[in-house]
Student: 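My questions all concern the structure below.
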Amino acid sequence: MKNVDAAPVEELATGERSTRNRVARSILDHGPSTVADLAQRLRLTQAAVRRHLDSLVADNVVEAREKRVYGARTRGRPAKVFALTDCGRDAFDQSYDSLAMDALRWIEKSAGGGAAGEAAVAAFARDRLEHQAVAYREAVETAAPEQRTEALAKALSADGYAATARNAPVGEQLCQHHCPVAHVAEQYPQLCEAETEIFSRLLGTHVQRLATIAHGDGVCTTFIPHGAPQTTPSEASASTAGRNPA
C-alpha cells in the first residue's frame with residue numbers, strides 16, 4: 001500500500017533545506033547578520049530564522065559571534081551575529097575549479113604545449129601530491145602492513161575525500177567517494193595518475209586504478225592486490241601504478 005504521507009513529508013523536508021540555504025546565502029551576501037537582520041531580509045519570523053540557524057550551527061555551516069560595537073558600548077547584552085564558517089564558505093561555488101584550470105593551462109602553454117606541456121602538468125601534479133602526501137605517509141608507516149589501506153583511507157578522509165577501504169577478491173579496494181578536483185581532472189588526467197603513483201609508493205605495492213569520478217564513475221576506486229611484492233612505502237616504485245581507464 002502506498003504511503004500517502006511520504007510525498008508531503010518529502011516536500012516539507014525539501015522546503016526546509018531550501019530555506020536553510022537562503023539563510024546561509026544571505027549571510028554570505030551581506031556578511032555577519034543578526035536574527036532580526038535575517039528575518040527582515042528573508043521575510044521570515046525570527047523564530048523560524050533561529051530554527052534554521054540552529055541547524056546550520058549544528059552542521060558547522062555558520063557560527064555565532066559577538067557583534068562588534070564601534071564607539072561607546074551601550075548597556076545590556078551584546079547583540080549576537082551569525083557568520084559563515086570556512087566549511088560554510090566552501091559549500092558555495094567560489095570558482096576554484098576555474099582558477100585551477102587556468103593555472104594548469106598556463107603551465108602547459110608556458111612549457112611549449114604538446115608533449116612538453118603535458119609533462120610539465122604531470123610534474124606539477126606529482127610535486128603537489130608529494131607535499132599533500134606527507135601526512136598520508138606518516139599514517140601509513142605507523143600502521144601494520146595489513147592495515148595500511150585502512151590507514152590511508154582515514155588520512156584521505158581527513159582531507160575531504162570521504163575514503164573507505166574494503167575487502168575484494170584477491171585484494172582490497174580503496175574507494176574515494178568525493179574528489180575535490182574532479183572537474184579539473186576531467187581535462188588533466190595527470191592529477192589522477194600522480195595520485196595513483198603516490199598510493200603505490202605509500203602502500204609499498206603495485207596498485208591499479210579501476211574507476212575515477214573524473215571519468216564519470218560514481219567513486220574513485222583503486223585496487224590493491226594481495227600477494228603482490230611488498231616493500232616499505234619509501235621503497236615502492238611509482239612506475240608500478242596503474243593508469244586511469246580511458
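It should be emphasised that the depicted structure is a prediction, and the values quoted were computed from it without experimental measurement.
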Student: Can you list the steps and then say if Gln173 with Thr221 is a side chain to side chain donor-acceptor pair (under 3.5 Å)?
Tutor: CA-CA 6 Å; Gln173 286 186 351; Thr221 306; 5.2 Å; no
Student: Taking Glu130 first and then Arg201, would you say they form a salt bridge - that is, a charged N and a carboxylate O separated by under 4.0 Å?
Tutor: yes
Student: To the closest 0.5 Å, what do you measure between CD1 (Ile198) and CZ (Arg128)?
Tutor: 11.0 Å
Student: So, do Lys80 and Glu66 sit near enough that their side-chain heavy atoms are less than 4.5 Å apart?
Tutor: no
Student: Mind checking whether Val35 and Val23 sit in one hydrophobic cluster, side chains of I, L, V, M, F, W, Y counted as touching below 4.5 Å?
Tutor: yes
Student: Arg51: which residues meet the salt bridge (charged side-chain N to carboxylate O under 4.0 Å, His left out) condition with it, sequence neighbours left out?
Tutor: Glu16
Student: Atom OH of Tyr136 and atom CG of Leu156: how far apart are they, to the nearest 0.5 Å?
Tutor: 5.0 Å
Student: Does Ala115 have any side chain to side chain contact (heavy atoms under 4.5 Å, CB included) partners at least two apart in sequence or in another chain, and if so, which?
Tutor: none
Student: From Leu42 CG over to Arg25 CZ, what is the distance, rounded to the nearest 0.5 angstrom?
Tutor: 12.5 Å
Student: Should the heavy atoms of other residues, nucleotides or ligands under 6.0 Å from CD of Glu138 be counted, would the total exceed 12?
Tutor: no
Student: Can a donor-acceptor pair be found between the side chains of Thr164 and His177 at a distance below 3.5 Å?
Tutor: yes
Student: For residues 54-64, which residue pairs qualify under side chain to side chain donor-acceptor pair (under 3.5 Å), counting only residues two or more places apart or in two chains?
Tutor: Glu63-Arg65
Student: What are the two closest non-hydrogen atoms of Ala111 and Ala116, and how far apart are they?
Tutor: O-CB, 3.4 Å
Student: Does any N or O in the side chain of Ser157 come within less than 3.5 Å of the main-chain N or O of Ala163, such that one atom is a donor and the other an acceptor?
Tutor: yes
Student: Quick one: do the Asn21 and Ser18 side chains pair a donor with an acceptor below 3.5 Å?
Tutor: no
Student: Considering only heavy atoms from C-beta outward, does the side chain of Cys175 approach that of Arg166 to under 4.5 Å?
Tutor: yes
Student: Run the numbers on Arg209 and Glu195 for salt bridge (Lys or Arg N to Asp or Glu O under 4.0 Å), then give the verdict.
Tutor: CA-CA 10 Å; Arg209 184 81 83 171; Glu195 185 180 72; 2.6 Å; yes
Student: Looking only at heavy atoms, which two atoms of Val207 and Thr196 are closest? And how far apart?
Tutor: CG2-O, 3.7 Å
Student: For residues Ile213 and Gly218, report the shortest heavy-atom separation together with the two atoms involved.
Tutor: CG1-O, 3.8 Å
Student: Measure across Gln190 and Ala125 and return the closest heavy-atom pair with its distance rounded to 0.1 Å.
Tutor: O-CB, 3.7 Å
Student: Is a side-chain donor or acceptor of Thr142 paired with a backbone partner of Val140 at a separation under 3.5 angstrom?
Tutor: no
Student: So Ile224 and Phe199, side chain to side chain contact (heavy atoms under 4.5 Å, CB included) or not? Walk me through it.
Tutor: CA-CA 9 Å; Ile224 303 99; Phe199 289 172; over 6 Å; no
Student: Give a yes-or-no answer on whether the side chains of Tyr188 and Glu118 include a donor-acceptor pair shorter than 3.5 Å.
Tutor: no
Student: Test side chain to side chain contact (heavy atoms under 4.5 Å, CB included) on Gln187 and Met101; report intermediate values, then the result.
Tutor: CA-CA 8 Å; Gln187 300 298 320; Met101 198 81 76; 3.8 Å; yes
Student: Please determine, by modelled atom types, if Thr45 and Arg50 share a side-chain donor-acceptor pair under 3.5 angstrom.
Tutor: no
Student: Hydrophobic cluster membership, with links at side-chain heavy-atom distances under 4.5 Å among I/L/V/M/F/W/Y: are Val134 and Leu152 in one?
Tutor: no
Student: For a 4.5 angstrom cut-off between non-hydrogen side-chain atoms, does Leu56 reach Arg20?
Tutor: yes
Student: Does Val219 belong to the same Ile/Leu/Val/Met/Phe/Trp/Tyr cluster as Val184, with side-chain heavy atoms less than 4.5 Å apart forming each link?
Tutor: no
Student: Check the surroundings of atom CD in Gln132: do more than 12 heavy atoms from other residues, nucleotides or ligands lie under 6.0 Å from it?
Tutor: yes
Student: Quick check: closest heavy atoms across Leu53 and Ile27, and the distance to 0.1 Å?
Tutor: CD2-CD1, 4.2 Å
Student: Starting from the C-alpha separation in whole Å, work towards a yes-or-no answer on side chain to side chain contact (heavy atoms under 4.5 Å, CB included) for Ser200 and Leu202.
Tutor: CA-CA 6 Å; Ser200 177; Leu202 288 175; over 6 Å; no
Student: Between Asn167 and Glu172 (side chain of the first, backbone of the second, donor and acceptor by atom type, cut-off under 3.5 Å), is there such a pair?
Tutor: no
Student: How long is the straight-line distance from CG of Leu210 back to CG of Asp217, given to the nearest 0.5 Å?
Tutor: 9.5 Å
Student: Mind checking the OH-CD spacing from Tyr161 to Gln176? Nearest 0.5 Å is all I need.
Tutor: 7.0 Å
Student: Does any N or O in the side chain of Thr85 come within less than 3.5 Å of the main-chain N or O of Val61, such that one atom is a donor and the other an acceptor?
Tutor: yes
Student: In Å and rounded to the nearest 0.5 Å, what is the CZ to CG distance from Phe223 to Leu174?
Tutor: 12.5 Å
Student: Which heavy atom in Leu203 sits nearest to a heavy atom in Arg148, and how many Å separate them?
Tutor: O-NH1, 3.2 Å
Student: Compare all side-chain heavy atoms of Val81 with those of Ser33 and state whether any distance is below 4.5 angstrom.
Tutor: no
